[in-house]
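Notes follow once the structure below has been shown.
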Amino acid sequence: MGLSPVFVLLLVVAAFGPMITSAKDFIVGDQSGWTVGFDYQGWAHGKEFHIGDRLVFNYPAGAHNVYKVNGTDFQSCNVPLEGAPLTSGNDTIVLATSGKKWYICGVSNHCDQGQKLVITVQPQALPPSVAPAPSPWSYSEGSKRPFFNFNLP
């Protein structure tokens, strides 16, 4: 009895599906959340951010906010005139493009006190490489029959 091509396809998907890299959620500041007096550059150091990953900013609603800014506004802690801040206290930002991303808190002088984050987003991660499987048409040592026989018409 041969294996149907559909069964072989399902077998391949089941075997390699879990290897596909999925997006990660990064809780900014971990258990400290988005707050004043935390080293966000230290928090980001060594982390790899990829397209599709999500940044989650947790903070008490009304105490802070999140603005996406450019590099110049990040350096000088300028709140942009255009654009509204995120203010829910549980804000999620999907990293949709690669490159540098800058975020600040626009409340009072929180940014000047270090409540700002810069990260570099990498292109989407590739799944780990796997050694190729033997061809279903390969012959085992000393055998005259194929390893798989699909009994195709």
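Keep in mind the model is a prediction, meaning the values are calculated, not measured.
- Nearest heavy-atom pair across Ala96 and Ile51 is O-CG2, 3.7 Å.
- With hydrogens and angles ignored, the 3.5 Å screen pairs a side-chain donor or acceptor of Ser88 with a backbone N or O of Asn90.
- For Tyr103 and Tyr40, the gap between ring centers reaches or exceeds 6.0 Å.
- Within 6.0 Å of atom CD in Gln113, more than 12 heavy atoms from other residues, nucleotides or ligands are found, so the atom counts as buried in its surroundings.
- With rounding to the nearest 0.5 angstrom, the CH2 atom of Trp43 is 8.0 Å from the CZ atom of Phe38.
- Linking Ile, Leu, Val, Met, Phe, Trp and Tyr whenever their side-chain heavy atoms come within less than 4.5 Å puts Phe26 and Val28 in one cluster.
- Taken together, Cys111 and Cys105 fail the criterion of an SG-SG distance shorter than 2.5 Å.
- Expressed to the nearest 0.5 Å, how far CH2 of Trp34 lies from CG of Leu86 amounts to 10.5 Å.
- Checked against side chain to side chain donor-acceptor pair (under 3.5 Å), Asp112 has no partners two or more places apart in sequence or in another chain.
- Taking each heavy atom of Val36 and His110 in turn, the nearest pair found is CG2-CG, 3.5 Å.
- The nearest pair of heavy atoms linking Pro123 to Ser98 is N-CB, 4.1 Å.
- Residues Lys116 and Val118 form no side-chain contact, since every pair of their non-hydrogen atoms from C-beta on lies 4.5 Å or further apart.
- Remark: Tyr67 OH to Thr87 OG1 distance equals 9.5 Å, nearest 0.5 Å.
- Closest of all the heavy-atom pairs between Ile119 and Ala44 is CG2-CB, 4.1 Å.
- Annotation: the span from Gln115 atom CD to Asn109 atom CG amounts to 10.0 Å, rounded to 0.5 Å.
- With sequence neighbours excluded, the residues forming a side chain to side chain donor-acceptor pair (under 3.5 Å) with Tyr59 are Asp91, listed by chain and number.
- With a 4.5 Å cut-off on side-chain heavy atoms, Leu95 and Leu55 count as touching.
- Residue Ile27 holds its CD1 atom at 10.0 Å from CZ of Arg54, rounded to the nearest 0.5 Å.
- The line from OG1 of Thr120 to NE2 of His50 is 11.5 Å long, rounded to the nearest 0.5 Å.
- With 3.5 Å as the limit, one finds no donor-acceptor pair spanning the side chains of Asp73 and Trp102.
- Grouping the Ile, Leu, Val, Met, Phe, Trp and Tyr side chains by contacts below 4.5 angstrom, directly or via other members, places Val121 with Phe57.
- Around NZ of Lys47, the count of heavy atoms belonging to other residues, nucleotides or ligands within 6.0 Å exceeds 12.
- For the residue pair Asn78 and Ser76, the shortest heavy atom distance occurs at ND2-OG, 2.8 Å.
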